[in-house]
Colleague: 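If you scroll down you'll find the structure; I have some questions about it.
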2 protein chains.
Amino acid sequence: MKITIKDIAREAGVSTATVSHVINGTKNISEGKTKLIKGIIDKYNYVPDIRAKNLRNLKTKTAGLVVSSFPDSHVSGIVNGVGKRARELGYQMLFINTIEDQEYEKETIKLLSSHMVDGIIITPSKMDSQYLKKYIEQNLPIIQVLRYDPNLPLIPKVTMDDFQAGYDATVHLLQHGHHHIGLIYAKADVTSTTGRIEGYKAALKDYHFTFNESYLELGNATVEGGLKAIKHLINREKQITSLFVLNDLMTVGAMQGLTALSLKCPEDIALIGFGDFPAANITSPPITNVSMSSETVGQTAFDVLLNKINNPSYSRHIQIPASLMIRRSCGC
Amino acid sequence: MKITIKDIAREAGVSTATVSHVINGTKNISEGKTKLIKGIIDKYNYVPDIRAKNLRNLKTKTAGLVVSSFPDSHVSGIVNGVGKRARELGYQMLFINTIEDQEYEKETIKLLSSHMVDGIIITPSKMDSQYLKKYIEQNLPIIQVLRYDPNLPLIPKVTMDDFQAGYDATVHLLQHGHHHIGLIYAKADVTSTTGRIEGYKAALKDYHFTFNESYLELGNATVEGGLKAIKHLINREKQITSLFVLNDLMTVGAMQGLTALSLKCPEDIALIGFGDFPAANITSPPITNVSMSSETVGQTAFDVLLNKINNPSYSRHIQIPASLMIRRSCGC
DNA sequence: TTGTAGGCGTTATCAT
DNA sequence: ATGATAACGCCTACAA
């Protein structure tokens with residue numbers, strides 16, 4: 001038997017309006033009745049039906065978080081950061097992982113847009129996310145995190161400063177005398193990748209070295225992917241003396257690959273990873289990493305979403321800086 | 001301007017019932033009208049308001065996942081597993097991290113119980129979770145994952161086989177001649193910890209060694225916690241020759257601590273971790289771990305929840321086996 | 001095959 | 001200080 005506000009009202013001998021008011025403190029009700037009603041509510045452990053409440057109020061106090069992959073600590077840091085801030089601000093969080101599947105992503109957004117949430121934080125699976133346009137036209141608050149569609153200028157963004165991070169890491173390698181720098185990326189067609197590669201190119205250019213397309217290799221964001229990638233890359237481009245790996249799991253794979261190839265790090269091949277994970281300083285050698293605070297990204301993302309909800313014209317792009325955590329794999 | 005089923009009906013010149021039926025395929029509507037109505041729906045990108053739908057239907061097709069901490073890959077694996085299975089079965093997932101705060105946990109359950117979700121998967125923050133009783137009496141489908149209250153026999157559980165895992169790891173160490181085994185645990189008053197410790201004790205007993213309470217040390221599930229714990233432990237109990245560490249992050253901290261103490265692993269101190277993380281085979285030395293598939297736990301948990309939803313008397317306890325991943329830190 | 005209308009549980013306006 | 005009641009948007013008997 002489900003118990004409703006009517007039941008409470010009946011038992012208290014008052015109207016539903018009165019009960020509603022004591023629940024929400026929205027009007028002055030006499031002390032006596034207040035106490036009586038609260039007692040009955042407690043007795044039955046009554047909680048107002050949130051579906052009805054939402055329907056009436058046009059607010060759900062929940063936000064959607066749609067990410068496109070979830071294996072690494074980076075994404076889980078973001079989930080954590082968003083969740084933390086959401087909690088602080090009294091929001092619930094609906095979490096969906098699209099596993100890089102844009103069709104599912106579209107379905108998901110469609111569903112969430114049906115007043116399931118008050119706003120959405122999304123890591124789009126593809127650079128082209130024009131399908132989002134119709135939602136912003138409908139004034140559904142959406143923001144992008146980590147990755148974005150450059151042709152969606154009205155949607156706020158919270159990302160890493162990928163260009164700068166790529167630039168800095170590359171310069172570091174360059175300054176250690178490495179001109180042949182292999183780069184293993186997780187996924188093409190995504191701004192987090194392209195931004196970092198732009199930074200890599202810019203550094204090369206500033207130091208007067210030519211960019212070599214075939215120094216780039218796809219690693220699919222997994223350990224095995226990183227392992228395979230490094231084997232291909234080093235077989236193909238034997239002059240490579242250093243590696244820039246754009247994701248934690250691939251970094252682990254790359255280190256395994258180096259061992260498999262009997263290559264010493266950093267003597268034969270220097271390496272800088274991207275992301276940074278707790279164990280990075282107990283590996284052999286400890287791994288230099290572009291370190292980023294994914295929790296910060298998550299928290300900021302939620303704040304930005306709230307901004308967007310309260311001010312529909314908000315459209316800022318916030319770039320969180322990364323920093324180079326120097327350990328031994330880079331040859332320092 | 002929000003568009004509703006009425007608007008669609010008006011523009012199509014039909015009743016809302018007809019529109020509803022073509023949307024849900026719940027009755028035969030003539031081809032012509034069907035096409036017309038679908039056209040209009042597409043034109044306006046109309047999606048039925050899920051709040052209203054839920055209110056009417058008494059189903060939300062969303063499940064709550066309430067975990068109590070989120071720093072490690074273990075929990076994120078579970079989130080991932082639950083999400084994957086939920087997606088396959090057409091459910092959405094509401095994710096909340098209570099950060100080991102039972103008060104917040106209670107509030108959360110209360111909120112979710114207000115017909116926000118069809119069922120709840122929870123990792124309770126404390127062994128005593130009797131507050132859940134009133135919810136099961138109200139027939140809210142709840143299941144426990146990873147940790148549980150032993151005095152809640154009616155609630156299904158999906159956990160690791162913690163006892164067996166603790167037993168096996170300890171036996172492994174014992175067989176290598178280690179009788180003085182320090183144990184660093186993440187959190188007291190929680191079945192995942194007590195189960196593993198029971199296994200540890202049982203192994204000791206089977207091999208005729210006495211259990212020493214002061215070989216146990218709390219490490220708080222963090223890197224720093226593990227680091228501190230090992231320092232305390234080794235200072236206090238100098239005869240210890242091996243370590244069993246019940247969580248990944250603490251394992252990393254313990255390895256750091258060994259280095260800080262100028263202790264060689266495994267020569268001076270052998271070590272077995274619990275959880276297993278991608279980088280565990282590129283550390284120095286590679287770390288032997290009790291390895292568990294958290295994704296499996298997550299997927300199973302969702303299946304069990306669905307069982308509970310469909311059959312309120314379901315109350316099984318499923319124990320997922322772990323396996324020892326032998327690498328070098330244990331001295332093999 | 002299609003339409004009418006009541007009700008899901010709340011909140012909030014307008015009376016009293 | 002309270003109460004009656006009309007929405008919120010949808011689904012679904014029941015009627016036509």
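No hydrogens, no waters, no symmetry mates; every other heavy atom, side chains included, goes into these values. Below, read A as the first sequence line, B as the second, and so on, with proteins coming before strands; counting in each chain starts at 1.
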Colleague: Walk me through it: do B:Gln138 and A:Asn45 pass the test side-chain hydrogen bond (donor to acceptor under 3.5 Å, both in side chains)?
Modeller: CA-CA 10 Å; B:Gln138 291 172 175; A:Asn45 194 33; 3.3 Å; yes

Colleague: Whole angstroms only, please: what is the NZ-P distance between B:Lys6 and C:dT4?
Modeller: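 It is 13 Å, rounded to the nearest whole Å.
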
Colleague: I want to confirm an ordering. Mapping B:His21 and B:Leu55 to their closest nucleotides on DNA chain C, which one lands closer to the 5' end?
Modeller: B:His21

Colleague: With heavy atoms under 4.0 Å as the rule, sort A:Gly32 into base, sugar-phosphate or nothing.
Modeller: nothing

Colleague: Has A:Ser20 got a side-chain N or O lying under 4.0 Å from the OP1 or OP2 atom of C:dT11?
Modeller: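 Checking A:Ser20 against C:dT11: at least one side-chain N or O falls below 4.0 Å of OP1 or OP2.
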
Colleague: Please state how far atom NE2 in B:His115 lies from atom P in C:dG9, giving the value in whole angstrom units.
Modeller: 8 Å

Colleague: Rounded off to whole Å, could you give me the CG-to-P distance for the A:Asn54 and C:dT11 pair?
Modeller: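 Spelled out: CG on A:Asn54 to P on C:dT11 is 10 Å.
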
Colleague: Is the phosphate of C:dT2 approached by B:Lys33 (side-chain N or O, under 4.0 Å from OP1 or OP2)?
Modeller: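 So the side chain of B:Lys33 is within the cut-off, an N or O lying under 4.0 Å from OP1 or OP2 of C:dT2.
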
Colleague: If the cut-off is 4.0 Å, is B:Ser15 near the phosphate of C:dG3, judged by side-chain N/O to OP1 or OP2?
Modeller: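 Yes, such a contact exists.
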
Colleague: Write down the atom of B:Ala301, the atom of B:Val145, and the distance for their closest heavy-atom approach.
Modeller: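 Nearest pair, atom of B:Ala301 first, then B:Val145: CB-CG2, 4.0 Å.
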
Colleague: If the threshold is 4.0 Å, N to carboxylate O, is there a salt bridge linking A:Arg147 and A:Glu100?
Modeller: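 A salt bridge is present here (some side-chain N lies under 4.0 Å from a carboxylate O).
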
Colleague: Is it true that the side chains of A:Thr159 and A:His317 contain a donor and an acceptor less than 3.5 Å apart?
Modeller: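 Yes.
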
Colleague: On DNA chain D, does the nearest nucleotide to B:Ile23 precede the nearest nucleotide to A:Thr18 from the 5' side, or the other way round? Give the residue.
Modeller: A:Thr18

Colleague: DNA chain C: B:Ser30 or A:Ala17, which has the more 5' nearest nucleotide?
Modeller: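 With B:Ser30 and A:Ala17 compared, the 5'-side residue is B:Ser30.
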
Colleague: Does C:dT10 have OP1 or OP2 sitting under 4.0 Å from an N or O in the side chain of A:Tyr46?
Modeller: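 Result: yes.
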
Colleague: Would you say B:Asn57 places a side-chain N or O within less than 4.0 Å of OP1 or OP2 belonging to D:dC10?
Modeller: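 No, no such contact exists.
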
Colleague: Taking only N and O in the side chain of B:Lys53, is any of them less than 4.0 Å away from OP1 or OP2 of D:dC11?
Modeller: yes

Colleague: Check whether any side-chain nitrogen or oxygen of A:Lys2 sits under 4.0 Å from OP1 or OP2 of C:dG9, and answer yes or no.
Modeller: yes

Colleague: Check every strand shown and say whether A:Thr26 touches a base, only sugar-phosphate, or nothing at a heavy-atom separation below 4.0 Å.
Modeller: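 No contact.
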
Colleague: Taking the side chain of A:Asn28 as its heavy atoms from C-beta onward, which of C:dG3, C:dG9, D:dA1 lies nearest to it?
Modeller: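 The answer is D:dA1.
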
Colleague: Which heavy-atom pair separates B:Lys110 from B:Tyr135 by the least distance, and what is that distance?
Modeller: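 Looking at all heavy atoms of both residues, the closest pair is CA-OH, 3.3 Å.
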
Colleague: Answer yes or no: are there more than 12 heavy-atom neighbours, outside A:Glu31 itself, under 6.0 Å from its atom CD?
Modeller: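 Open: at most 12 neighbouring heavy atoms sit under 6.0 Å from CD of A:Glu31.
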
Colleague: Measure from CD1 on B:Ile8 to C1' on D:dG9 and round the result to the nearest Å.
Modeller: 13 Å

Colleague: Tell me the interatomic distance from A:Asn24, atom CG, to C:dT13, atom P, rounded to whole angstroms.
Modeller: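 Between P of C:dT13 and CG of A:Asn24: 13 Å.
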
Colleague: Rounded off to whole Å, could you give me the CZ-to-P distance for the A:Arg51 and C:dT11 pair?
Modeller: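 Nearest whole value for this atom pair: 14 Å.
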
Colleague: Could you state the atom-to-atom distance from CD of B:Glu31 to P of C:dT2 in whole Å?
Modeller: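 It is 11 Å, rounded to the nearest whole Å.
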
Colleague: Whole-Å distance between C:dC8 C1' and B:Arg56 CZ?
Modeller: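 Those two atoms, CZ and C1', are 6 Å apart.
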
